[in-house]
Number of protein chains: 2
Amino acid sequence: MPETTRRTDRLPGNRYGNRPTMKDVAARAGVGLKTVSRVVNGEPGVTPETERRVQEAIEALGFRRNDSARVLRKGRTASIGLVLEDLADPFYGPLSRAVEEVARAHGALLINGSSAEDADREQELVLALCARRVDGLVVIPAGDDHRYLEPEVKAGVATVFVDRPAGHIKADVVVSDNFGGARDGVRHLIAHGHRRIGFIGDMPRIHTAAERLRGYRTAMEDAGIPVADSWMSLGATTPERVRRAAEEMLSGPEPVTAIFTGNNRVTVTVIRVLAGHARRVALVGFDDIELADLLEPGLTVVAQDAAALGRTAAERLFRQLDGTLLTPERIEIPTRLIARGSGELPPAD
Amino acid sequence: MPETTRRTDRLPGNRYGNRPTMKDVAARAGVGLKTVSRVVNGEPGVTPETERRVQEAIEALGFRRNDSARVLRKGRTASIGLVLEDLADPFYGPLSRAVEEVARAHGALLINGSSAEDADREQELVLALCARRVDGLVVIPAGDDHRYLEPEVKAGVATVFVDRPAGHIKADVVVSDNFGGARDGVRHLIAHGHRRIGFIGDMPRIHTAAERLRGYRTAMEDAGIPVADSWMSLGATTPERVRRAAEEMLSGPEPVTAIFTGNNRVTVTVIRVLAGHARRVALVGFDDIELADLLEPGLTVVAQDAAALGRTAAERLFRQLDGTLLTPERIEIPTRLIARGSGELPPAD
DNA sequence: TAGAGCCTGGACAACGTTGTCAGGCCGGGG
DNA sequence: CCCCGGCCTGACAACGTTGTCCAGGCTCTA
């Protein structure tokens, strides 16, 4: 039986297109299997002459080591998983990139998936990644119960949560200072003379949204300003609802003179509303936006450092893997107020 | 010897944290190994009662199938690789997301990496992905020679290039209609009365940049407008150089009355330059930008459909894997001119 | 009641790699 | 001349899973 048909007659077509293996290389080079392994992995103890023969065979056959098999043997995959909400969201781009850079520095690849803000899909993804035996996970939680991860963590999968805290599980968490950032943003408006300030944000069941709301309330309270219910809109998820909420708080008996927006999607919609509005209304938004400086007026924002979030999380993950790191911690990344004009407009009644 | 120490005394600490295997599950449930496999994979031929016992053992031990081993046995990894230039670039967000959605629909995971526009790094990444035995690759080329991929393609790795064509290799390519889009954009300016139109773009060795330049030249030629050398700036990679290029073509003896920008990074910089410029200059940019409609004037763009690029590429990839698709093809995704004001300004001398 | 056929379960090999270990060869020293 | 030590090399088992194949027990029918 000719060597080339060795495999095709056993299994149907599900092989890796009949790729050459170390065995094939060994046969061609006339050496033992282990010698090929040594050459491929740069291990010492191979004569230059032997090495040359092996290299030639590798070249000729187009051999490439099968890392699946390697992983099976060695126990480490040199890959980490990243589960986020939506790869297409501009906030997550720099974050992924930062995680990737750190992974690369540690010789690891990045596998990622979008949960689409759906808890079940998050779990499905995370477990699929665990089945691949990723060495670690960076998760931006969609759900609020992560007990399903317990066996994995116990089994040694390094885990770090980013952007939002995890639910019912002890693990590293890296978040922005949502509370402080929002408070500072609202204080900024108060400092510029505003008292009737509106807040439009996401559903409070999302941790970041709740924290930002708390920042708003605290700033108002500290300034001794009672907050009218009509000034707050929570759960503004669609542009349509944001638009309606903004228009409501801009009309009515006690119209707001300034608005604080809880995330960049909301901010964008509110900018559109204000663009078609006669009275000048001050605006500060959570999250920076590209071209914010080119708007008229420039958009004042509370900027998060997405790259720092990702970098910090990934670094902690690899420290867990090193064994350098033991006790789970909560790390807060500071935000930065960037004044560009829209937040410095005086109240216009 | 107690069962729990079974492995630790053999190998040092490089195991998967001593995870339970099917063998462990089988032992605990008092059944055979293959029976566990059957339950885990939902294969028929297991009594409900046996299945229950197995499920219980799985639950109790926190067992999770090791896909590395599975892959080794089955030959398909159910994962595809995506190599792009920079995850943080807003253009690639929707593209990745689209690829991911298609992968998900086919039950595959997405592994991705950024080449940082570096050919060596691209190759390194691609080969690492091949070593993991991804089923297929979606590559946004950084280099222009992809012969290194030949053994892989021959070995059955489905491959699709996106955004730019591949070099020296036969493979599917999905690109935007860069030529037509740029031509239409410049025609739009001509139609609004401009004759002295500048072009600022990337290095012509990048395929997309060259095509867009060709579109510009063709539109000008078709209109019978001779192009002055000082109207064209190629290789504008840094904001600083873009700024200088723009300022040069706006001053001088024959200043341009309109500018066509070759990509979104250039566009953004030019907007900044024009914002500080007295004379009103028309502008059309290649690539859409978030909030483009909120600028004053609104930014007219030639928009690419990044999601369509990604989706189309991924779909072809899976058709390759199905065996439905055989001959490599070049697919062009149309662009769309979106007029928002900046491109409709009349020439102001 | 015996035989045929079906259903369930398990033993075993194989996937491609790496760690362990032992054997062969060579040169130098006793 | 023999023995020892060091250096290369290769045989073999193991990683955890799945496909193949066979055995045993059951039911159903003649």
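Residue numbers start from 1 in every chain, and the chains themselves are labelled A, B, ... in the order their sequence lines are given, proteins ahead of strands.
The CZ-C1' distance, from A:R64 to C:dT17, rounds to 17 Å in whole Å. One atom, CG of B:L72, and another, P of D:dC15, lie 14 Å apart when rounded to the nearest Å. With rounding to whole Å, B:I58 atom CD1 is found 14 Å from D:dG16 atom C1'. The nearest whole Å value for the distance from the CD atom in A:E43 to the P atom in C:dT18 is 8 Å. Across the protein-nucleic acid pair, A:R19 atom CZ and C:dG16 atom P stand 11 Å apart, rounded to whole Å. In this structure, A:R53 atom CZ and D:dT9 atom P are separated by 9 Å, rounded to whole Å. In this structure, the CE atom of A:M22 is 20 Å from the P atom of C:dA14, given to the nearest Å. Between the CG atom of A:L61 and the P atom of C:dG16 there is a distance of 14 Å, given to the nearest Å.
In the set D:dC15, D:dT18, C:dG10, D:dT18 carries the atom at the smallest distance from any side-chain atom of B:L33. Taking only side-chain atoms of B:V31, from C-beta outward, the nucleotide of C:dG10, C:dC15, D:dT9 with the closest atom is C:dG10. Closest approach to the A:R65 side chain among C:dT17, C:dG19, C:dT8 is made by C:dT17 (side chain taken as heavy atoms from C-beta onward). Candidate nucleotides D:dG16, C:dT18, C:dG16 were compared by shortest atom distance to the side chain of A:T21, and C:dG16 ranks first. Distances were taken from every side-chain heavy atom of A:T47 (C-beta onward) to each of C:dG19, C:dG9, D:dC8; the shortest belongs to D:dC8. Checking D:dG19, D:dG10, C:dT17 against every side-chain atom of A:K34, the shortest atom distance belongs to D:dG10.
The minimum heavy-atom distance linking A:R121 with A:A116 is given by the pair NH1-CB, 3.8 Å. B:L87 approaches B:S114 most closely through the heavy-atom pair N-OG, 3.3 Å.
Note on A:N41: only backbone sugar-phosphate atoms sit closer than 4.0 angstrom, heavy atoms only; bases stay farther off. Across all strands, A:V40 comes closer than 4.0 Å to no nucleic acid atom at all (heavy-atom distances).
OP1 or OP2 of D:dG19 lies within a sub-4.0 Å distance of a side-chain N or O belonging to B:K74. Between A:T50 and D:dT9 there is a side-chain polar atom (N or O) within less than 4.0 angstrom of OP1 or OP2. Checking the phosphate oxygens (OP1, OP2) of D:dG10, a side-chain nitrogen or oxygen of A:T35 falls inside 4.0 Å. For D:dA14, neither phosphate oxygen OP1 nor OP2 lies less than 4.0 angstrom from any side-chain nitrogen or oxygen of A:R73. Contact annotation: B:S37 does not reach the phosphate of D:dT17 (side-chain N/O to OP1 or OP2, under 4.0 Å).
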May I have the step-by-step check of salt bridge (Lys or Arg N to Asp or Glu O under 4.0 Å) for A:E329 and A:R316, ending in yes or no?
CA-CA 10 Å; A:E329 220 173 305; A:R316 283 195 75 82; 3.4 Å; yes
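Between the side chain of A:D135 and the backbone N or O of A:A78 there is at least one donor-acceptor pair closer than 3.5 Å.
Within the 4.5 Å cutoff, the side chain of A:R132 has no heavy atoms near those of the B:S68 side chain. The side-chain heavy atoms of A:Q55 and A:V39, taken from C-beta on, include a pair separated by under 4.5 Å.
In the model, B:H146 has a side-chain atom that pairs as donor or acceptor with a side-chain atom of B:E122 under 3.5 Å.
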Anything under 3.5 Å between a protein N or O and an N or O of nucleotides 21-27 of chain C, put it in a table, one pair a line.
none

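A salt bridge does not link A:R311 with A:E100: none of the charged nitrogens is closer than 4.0 Å to a carboxylate oxygen.
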